[in-house]
Amino acid sequence: VDRPEQLSCYNFSLNGTVDRSKKVIELKGISTYYNGSPAVHDVSVTIRGNERLHVSGANGAGKSTLLSLMAGLATQDSGEILAGDNIQIGYFAQESDALDSTKTARENIEQFCNDPTRIYRAASHFGLTSNDLKKYPPELSRGQQAKLAFTKLLLGNFQLLILDEPTNHLDIPTKERLESALRYYQGALAIASHDRYFM
């Protein structure tokens with residue numbers, strides 16, 4: 001077989017800062033049901049400043065549902081979700097649901113940034129090439145789809161990042177760079193992950 005192409009991937013940092021005392025998001029008695037059974041039941045939590053929240057539990061316990069509620073992509077059946085003033089939320093979906101399959105990879109990124117130089121620079125941080133950016137998400141591997149989703153987050157300015165199983169499809173070098181970026185990220189984090197080393 002041909003030798004794999006060697007891509008130059010670089011370290012990156014995530015934008016977004018928030019005052020330590022500021023309320024980023026608050027959940028008050030959140031419940032939601034799926035097929036008549038509670039997917040999330042009476043959850044209350046407040047995240048302030050640059051706190052980190054690890055959402056843990058067995059598969060099917062409602063972690064993804066809870067995170068999508070926090071991201072505002074689903075509606076609870078009862079309870080209240082209050083985001084702090086001027087809080088921008090970035091969301092990474094486990095199944096790349098946040099990617100628009102009818103738009104090219106580049107068009108997906110342009111929702112956050114229309115500067116070609118910044119787009120290609122951010123994509124190169126994740127090893128995505130100009131040819132990759134011409135493809136539609138279904139034409140990309142699951143790992144490339146994850147990298148595309150992170151490229152979108154890299155170009156945003158979020159005070160809260162909600163990440164649902166972010167390392168599932170990442171290669172080791174990219175995962176290590178993501179770990180480093182999150183370690184120094186100055187916003188708040190809510191993460192669901194079964195990767196114990198990552199957590």
Side-chain angles (χ1 to χ4, degrees), residues 12 14-16 24-25 27 30-35 39-40 43 45 47 51-77 81 83 87-113 119 122-123 125-128 132-133 135-171 174-175 177-179 181-182 185 187-196 198-199:
F12 57 89
L14 293 159
N15 298 319
V24 176
I25 194 167
L27 281 62
I30 297 301
S31 295
T32 192
Y33 297 86
Y34 180 74
N35 288 337
V40 173
V43 173
V45 65
I47 302 176
E51 291 180 335
R52 273 71 170 127
L53 173 69
H54 178 203
V55 180
S56 63
N59 287 334
K63 300 185 300 298
S64 294
T65 300
L66 178 62
L67 293 183
S68 65
L69 289 167
M70 292 176 68
L73 299 178
T75 304
Q76 68 274 16
D77 292 311
I81 300 176
I87 295 297
Q88 298 296 316
I89 299 174
Y91 177 63
F92 178 90
Q94 182 177 172
E95 300 300 330
S96 298
D97 296 335
L99 298 176
D100 187 339
S101 62
T102 67
K103 296 180 178 179
T104 65
R106 177 175 170 169
E107 289 170 339
N108 268 272
I109 297 172
E110 286 174 340
Q111 296 171 334
F112 288 87
C113 173
I119 288 173
H125 287 318
F126 292 98
L128 294 173
D132 293 330
L133 296 183
K135 297 178 180 178
Y136 291 85
E139 298 175 312
L140 299 172
S141 70
R142 287 294 289 118
Q144 288 172 319
Q145 289 176 24
K147 292 175 180 181
L148 174 59
F150 276 117
T151 300
K152 291 172 64 175
L153 293 183
L154 185 61
L155 289 167
N157 186 10
F158 303 105
Q159 291 73 46
L160 170 62
L161 288 178
I162 299 174
L163 310 178
D164 190 3
E165 300 288 352
T167 62
N168 275 3
H169 302 284
L170 294 181
D171 54 83
T174 303
K175 186 169 83 166
R177 289 193 298 276
L178 175 62
E179 289 169 355
L182 291 175
Y185 173 60
L189 289 171
I191 303 178
S193 177
H194 289 294
D195 185 335
R196 292 186 180 184
F198 174 76
M199 293 312 302

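Keep in mind the model is a prediction, meaning the values are calculated, not measured. Scope of the values below: all heavy atoms of this structure, side chains included, with no hydrogens, waters or symmetry mates.
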Hey, does [Y] have a side-chain heavy atom less than 4.5 Å from the side chain of [X]?
X      : Y      : value
Leu69  : Val43  : no
Leu99  : Leu140 : no
Leu148 : Gln145 : no
Glu110 : Ile119 : yes
Ile81  : Met70  : no
Leu14  : Leu154 : yes

Identify the heavy atoms of [X] and [Y] that sit nearest to each other, and give their distance.
X      : Y      : result
Gln94  : Ser64  : NE2-OG, 3.2 Å
Ser101 : Tyr136 : O-CD2, 3.5 Å
Ser193 : Pro166 : CB-CD, 4.5 Å
Val40  : Ile30  : CG1-O, 3.7 Å
Phe126 : Thr151 : CD1-OG1, 3.3 Å

So, [X] side chain and [Y] main chain: donor-acceptor pair closer than 3.5 Å or not?
X      : Y      : answer
Asp100 : Asn108 : no
Gln159 : Gln88  : yes
Gln144 : Leu128 : no
Lys63  : Gly57  : yes
Thr167 : Leu170 : no

Taking ring pair (Phe, Tyr, Trp, His ring centres under 6.0 Å) as the criterion, tell me which of Phe12, Phe92, Phe112 meets it with Phe150.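 It is Phe92, the one option of Phe12, Phe92, Phe112 that forms the ring pair (Phe, Tyr, Trp, His ring centres under 6.0 Å) with Phe150.
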Rounded to the nearest 0.5 Å, what's the gap from [atom1] on [X] to [atom2] on [Y]? Could you check?
X      : Y      : atom1 : atom2 : result
Leu178 : Tyr185 : CG    : OH    : 12.0 Å
Tyr91  : Leu73  : OH    : CG    : 6.0 Å
His54  : Phe198 : NE2   : CZ    : 9.5 Å
Leu163 : Ile191 : CG    : CD1   : 5.0 Å
Leu67  : Asp164 : CG    : CG    : 5.0 Å
Ile87  : Ile47  : CD1   : CD1   : 10.5 Å

So that I can tick it off, tell me whether Asp195 and Lys175 are bridged by a salt bridge, with the cut-off set at under 4.0 angstrom between side-chain N and carboxylate O. yes
Could you walk me through whether Asn168 and Arg142 satisfy the side-chain contact (heavy atoms from CB on, under 4.5 Å) test, starting with their C-alpha distance in whole Å, then the side-chain angles of each, then the deciding distance to 0.1 Å, before giving a yes or no? CA-CA 9 Å; Asn168 275 3; Arg142 287 294 289 118; over 6 Å; no
| Which residues pass the side-chain hydrogen bond (donor to acceptor under 3.5 Å, both in side chains) test with Thr65, sequence neighbours left out? |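 Thr65 satisfies side-chain hydrogen bond (donor to acceptor under 3.5 Å, both in side chains) with no residue once adjacent residues are dropped.
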